[in-house]
Each structure stands twice: as C-alpha cells, then as structure tokens.
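In what follows, a structure is listed as structure tokens, so that the remarks can point back to it.
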Amino acid sequence: MFKFLLKRLALTLPTFLALMLLTFLAIRLVPGDPVEVRMGERGIDPVRAEEMRHLLGLDQPIWKQFVDYVWGILHGDFGTSLVTSEKVLTEFAALFPATIELSFFAILFAMVLGIPAGILAAVKRGTVYDHALMGAALTGYSMPIFWWGLLLIMFMSEYLGLTPISGRTDLIRFSVEPITGFMLVDTLIAGDKGAFWDALRHLILPAIVLGTIPLAVIARITRSSMLEVLSEDYVRTARAKGLSPFRVVGLHALRNALIPVVTVIGLQVGTALAGAVLTETIFSWPGVGKWLIESIARRDYPALQGGILLISSIVVLMNLLIDVMYGAINPRIRHGR
Amino acid sequence: MMAGVALSSPATVAEPVDSPSRRAWRRLKKRRGAMFGLIVIVALIALAICADLVSPHDPIKQSYSAVRKAPSLQHWFGTDELGRDVLARIIFGTRASLSAGIISVGIAMLLGVPLGLIAGYCGGFIDALISRFTDAMLACPFLILAIALAAFLGPSLGNAMIAIGVTAMPVFIRLTRGQVMGIAVETYVEAARAIGNPPWRIAVRHILPNVLPQLLVQITLTIASAIIAEASLSFLGLGQQPPAPSWGSMLNSAQRFLTNAPWMAVWPGLSIFISVLAFNLLGDGLRDALDPKNR
C-alpha cells in the first residue's frame, strides 16, 4: 500500500509542475502588457507602470519569472491581488469555506437522490420507471445550470416566496461572527437557531442548482454499475438461496456496485467547483467562484492566476485521495492488475 | 461435387457485404432518442443558415415603444429591455451557439488528435511529456479553465471559441492516445510496419480510421459541452459581445427582469437546453450504435 501511495504521489508531482507552467503561461496570453490592459484607457504614469511591472515580475527574463513563480508557490505565495493588495491565498482561504459549504450540500443532494434513482432504474430495467428516471437524468445533465438557477428563482422565490434569492444569510436580521467560515456551523456555535434556519433556507436553491449535474451523473453511473453487478453469479446465488429482493439488492449488489459510484462522486468535486462560478454569481454567494468572476471584471490577473491554480490543485489532491481510497478498497488496482 | 455447389450458387458469393458504417447507421435509426437529437440538430443547422430568411424582425433593431412587451402575435416570444424581438435574437443566436460548438470542437480535434497520435505511437519521453500536460489540463475544471483563458485572451466570440477549443483538447489527446496504444499492437499494424510503411503513414492510414468511431461519439458529446460553455461565457460577459445576439448574453440581460419580463429568460434558456439535449441524445445513441459489443 505504501509503495502504491508513493507511486501515485510521484505521478502527481509532474502534474503540479505542468499546472504551474500552465497558469504561468496563461497570464502571458493577455494581449499587450497586463499592466497596460488593467489600466485601460485611463493610462498610467510611466513610473507607476514600471513599479507595477516590477511588482508582477514582468521586468525579469521569462525563465527567471517562472522560477520565481514556482519558488513563491512552494513557499505558499500565490501572488498578491492588484486591487486589494492582499495575498491571494489569504483572500481565497477566507472565501473558500462558503464554496465548500455550498458544494458539500450540492453533492449531498445529488447523492441522496441520485443513488436511489440509479438503483431503482437498474432494478426496474426497461420499464417505464427506468425510462423516466434516465430521461430525467439526461435532462438534468443537459441543463444549463445558470438558466436552471434563474427558473428556480422565478418560481420558488419570486412566485411562491419560499426561499431567499441571494447571499448566505439575511444580514439585516442576523449578525453572526465568522469563526469557521461555515455559516451553518457558525450559527450553531453562536446558538442562534433563527440564523441557522435562515442560513439553511439560503442554501437550498444554490445547492439544488449546483447539485443537478452531479445528480444526473451519479444516477447514470449507479444504474450502469448496478446492472453489471446484478448479473454476477453471487447475486444469482443470493437470489437462489431465497433471500428477499431487498437483501439481495441492498446488501449483496449495492456494496459492490458502489465502488465506481464513490469514485464518480469524488470526481464531481471538480464539477461542483466549476459550477460554483456560475451558481455563486447568480445567487450572489460570497465564495471563490464569485470572487474569480469579480477578479476578471477588475482585471486582477494575479488573483485570477492564483485562484485557478489553487482550485486545480484542490481537484488534483482530491483525485489523488480518491485513487488512494480506491486502491485501499480494491487490491487489484493497488497491485496494478 | 464441391465445385458444382460453388458454381451453382454464385449469388452467395456476390452478396454485398454490409459496411460497418451502414450497420452502425441501421442500429442508430432504431434509437428514437438519437433520431430525435439528429432531427433537432439538422433543424438548428438549417435555422442558423437561413436565419436571414426566416427571422420575422431585425435582431438588433431597437424600439423604445416596444420595450419588454409580452409575447403577442407581432412578437411571438416578446421583446427585450431595448425593444428588440426575442424570437429574432433566438434565431440569430443559433449561429453563435452552433458555430461556437462546432468550431471550438474543430480546434480541440486539430490540436488534440495529432498530439494523441504522437503520444500513443511514439511512447517514451514524448508520451510522458504530453500525458502530464494532459493530466494538468484535465485537473482544471473544464469551465473554470475556459473562463480563465477567455478572460486572459479578452472578451469576444472568437476568443471564447479558442478558449473552449483549447480546454476541450486534452479529452481528444487522451482518447486518441488510449485508442492508438490499443490498436498499435494489432497484427495489421505490425504487418504495415513489416512491409516498410513509414510511421506517419501507419498512423494516418492504418490507425486513425480505427479511432474514428470513438472520436465521433466524443465530438458529438463535446459539442454539447461547448455549447453550454459558450453560453456560460456569454452569460458572464466573456463571449459574444452586444449588440450581436447570443443565447447566453440574452440570459445575462434577462436576469435583471425576471419578475417583469420572464419570457426574456425562458426562451434563450430553452434554446440552449434543447440543443445541448439533442447533441447528448445523439452522442449516447452513437455510442451504443458504434459499440462493438452491440454487434
């Protein structure tokens, strides 16, 4: 197992290096000079422009710029925002709990509905239930989530008045001291039940919107994985022994069918982080997704560059974790068979 | 006796052999979802080409006397905040969405397929180098990388297409590489090598045609993702720029008028959804039809 872990780590390191090169090159795609582009038509005093170029390291030879960039990252320096002059990592860390909270509930929503839907579709293969559920899954998979968000706002918030439209909590009615950054946890720590329910109500729509595509993916993979397992000999044996359908499906089949499902759930973290950009923008959710879009609008390239690298690194680490977990569950993977 | 049998039944010998593409088409025709998808796609392409002929109004003509008018006989889908006809903008928006889908996937293929061929066929250091870059690009969530590239390149439909194309490229590299590695050890490739064919000829003439079925499925599904990505970029202001119509940018302006003019949000979203669904249905159908296990 230790050897497997080392092998996976060794494969991840070049990926990180390539990621750093990718984000380093990306900022060089800016037509002209990032400093001039940021200043736009207003122009800038040449002395100040030189200072900014120096700050961004643009006055150095390109190889030196890359070495400095990698060195900085290895020391936890992901750059400095041109707008707030704050460290990118500090800004990211302050906003990330909001994105984690949203993504966690989105994936929870996707799992709670997606796994039973996939099981039902597999057990009732070829029936109207199967067609309806898989049709719904394909619909969810094809849904532009920003439109889905707008539709839910129109119906649930504007028409029925059931849920709030934006933000994480009602800032006028409740004031919660941020301790962990997770609103639900902070309201519980503060012992403010009203604020807790309010935060939960704020979470419903964005979590549904962000969880829709993972829900569709999880339902589809659960169905195909269950179908594969249901035709195995040991399931037939369990049936022949006279076990109830519930025990056959729930105990014998599901356990084995869930292994690929767990992997796909892990991979949905990337989907959730990408979807968070749109979801957070629509619902004014103060997370890293909204911050990235604001950085684009403010032409804050170092923030954008650092943010992309941080999000991608989290996805790489998540994939590594899934691989290691998968190796721990399934020895055939660990031994390269 | 044997010769007599052979000579007496020449029809069996001359019977035309069904080509793999014909077989796949026959299987595809049986799938209602895929056929629905194909019909919608053909209709959308026709709409994009004939937009000038079928559009009832000019998509960019503003009318301050018809601002945010509900759907009526004169404006079937209503009008937007500048009095422009929503139906006309939807029809012309088809061009932006379809061209973004098709051109960006074209870019992804043009870059990704040769790199995948090289990585899979050459192996060794070149393969490791290309594969690590592919891994790194795949680690960045698709939409985030597309948004970042579009932001760095500057907001325009052309740059959005480049950004989406470059972002979709690693999928084609990985797919082609995997397929090539499987096919390169086949006997007919060995035979082609043994008779002295140069590597490029083996790759292009003997390996590439066998990768095409899987590529076709991937192309269809990637066009669906590219349409959503273009709409997302335009929604965020990084794609098609006003006043040119695009479904994503129409949704962007619609979100400010959800209560007063919901039709502004309903139609562009529905258009994106239907076109993405059509490509996904066709992709799913193609995957089943081209799967060797189904033969």
Side-chain angles (χ1 to χ4, degrees), chain A residues 11-12 14-23 26-31 34 37 135 138-139 141-151 153-154 157-159 269-278 281-282 289 292-293 295-297 299 301 304-305 307-309 311-313 315-316 319, chain B residues 33 128-129 131-155 159 162-163 166 224-225 227-229 231-232 235-238 247-248 251-252 254-255 258-259 262 264-266 268-281 284:
Chain A
L11 273 174
T12 306
T15 309
F16 267 122
L17 194 68
L19 256 179
M20 286 189 269
L21 185 60
L22 203 69
T23 45
I27 203 167
R28 267 106 201 131
L29 288 175
V30 178
V37 172
L138 191 65
T139 305
Y141 189 70
S142 308
M143 190 72 90
I145 60 168
F146 45 100
W147 182 55
W148 180 221
L150 295 180
L151 286 184
I153 289 175
M154 268 199 290
S157 308
E158 304 272 8
Y159 184 67
V269 173
T271 311
L273 287 175
V277 172
L278 293 163
T281 305
I282 297 165
L292 273 183
I293 297 302
S295 302
I296 292 173
R299 293 175 180 169
Y301 296 113
L304 189 55
Q305 188 186 27
I308 303 282
L309 182 61
I311 289 179
S312 309
S313 305
V315 176
V316 172
N319 290 348
Chain B
L129 191 71
S131 294
R132 290 294 78 78
F133 256 98
T134 312
D135 288 348
M137 287 186 78
L138 285 172
C140 305
F142 180 78
L143 192 60
I144 290 190
L145 189 57
I147 289 172
L149 287 179
F152 286 129
L153 287 167
N159 284 344
I162 296 172
V166 171
S225 309
I227 290 176
I228 287 209
S232 308
F235 178 75
L236 295 169
L238 293 167
W247 297 338
L251 274 175
N252 184 7
Q255 63 176 332
L258 286 181
T259 323
M264 279 174 63
V266 170
L270 201 62
S271 310
I272 302 169
F273 169 64
I274 289 174
S275 28
V276 172
L277 183 69
F279 278 102
N280 278 335
L281 280 169
D284 273 3

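Below, chains carry the letters A, B, ... as their sequence lines are ordered, and counting in each starts from 1.
Ranked by non-hydrogen atom pairs under 4.5 Å with chain A, the options B/Leu143, B/Asn252, B/Leu258 are led by B/Leu258. Among the candidates A/Glu158, A/Met154, A/Met20, the residue making the largest number of heavy-atom pairs closer than 4.5 Å to chain B is A/Met154. Note on A/Ile153, A/Leu292, A/Leu22, A/Val269: by heavy-atom pairs under 4.5 Å with chain B, the leading option is A/Leu22. Contact count against chain A (heavy-atom pairs under 4.5 Å) is highest for B/Val276 among B/Val276, B/Thr134, B/Leu129, B/Leu281. The choice from B/Gly248, B/Gly269, B/Pro141 that makes the most heavy-atom pairs within less than 4.5 Å of chain A is B/Gly269. Between chain A and the options B/Ser131, B/Ser225, B/Ser232, heavy-atom pairs under 4.5 Å are most frequent for B/Ser232. Ranking B/Leu270, B/Asp135, B/Leu145 against chain A, the residue ahead of the rest is B/Leu270, based on heavy-atom pairs under 4.5 Å. Options A/Gly275, A/Gly270, A/Pro144 differ in how many heavy-atom pairs under 4.5 Å they form with chain B, and the most are formed by A/Pro144.
Rounding to the nearest 0.5 Å places CG of B/Leu251 at 9.0 Å from OG of B/Ser271. Taking CZ of A/Phe146 as the start and CG of A/Leu151 as the end, the distance is 11.0 Å to the nearest 0.5 Å. Between the CG atom in A/Leu19 and the CZ atom in B/Phe133 there is a gap of 9.5 Å [rounded to 0.5 Å]. Rounded to the nearest 0.5 Å, atoms CD1 (A/Ile311) and SG (B/Cys140) are 9.5 Å apart. Here the CZ-CD distance, from B/Phe235 to B/Gln255, works out to 4.0 Å after rounding to the nearest 0.5 Å.
The contact between B/Leu236 and chain A is made entirely by side chain atoms (from C-beta outward), counting heavy-atom distances below 4.5 Å. For a residue to count as touching a neighbouring chain, one of its non-hydrogen atoms must lie under 4.5 Å from one of that chain's; by this rule A/Ile296 touches chain B with the side chain only. Interface remark: A/Ser295 contributes no atoms to any contact with chain B (heavy atom separation under 4.5 Å). Neither the backbone nor the side chain of A/Ile145 comes within less than 4.5 Å of any heavy atom of chain B. For a residue to count as touching a neighbouring chain, one of its non-hydrogen atoms must lie under 4.5 Å from one of that chain's; by this rule B/Ala231 touches chain A with backbone and side chain alike. Only the side chain of A/Leu278 comes within contact range of chain B, with heavy atoms under 4.5 Å apart. Neither the backbone nor the side chain of A/Leu309 comes within less than 4.5 Å of any heavy atom of chain B. Heavy atoms of A/Leu150 lying under 4.5 Å from chain B belong to its backbone as well as its side chain.
Between the side chain of B/Asn159 and the backbone N or O of B/Gly154, at least one donor-acceptor pair lies under 3.5 Å.
Within 6.0 Å of atom CZ in A/Phe16, more than 12 heavy atoms from other residues, nucleotides or ligands are found, so the atom counts as buried in its surroundings.
Side-chain polar atoms of A/Thr23 and A/Gln305 form no donor-acceptor pair below 3.5 angstrom.
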Could you walk me through whether A/Trp147 and B/Ile272 pass the side chain to side chain contact (heavy atoms under 4.5 Å, CB included) test, one step at a time? CA-CA 9 Å; A/Trp147 182 55; B/Ile272 302 169; 5.7 Å; no
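Within the 4.5 Å cutoff, the side chain of A/Leu304 has heavy atoms near those of the B/Phe152 side chain.
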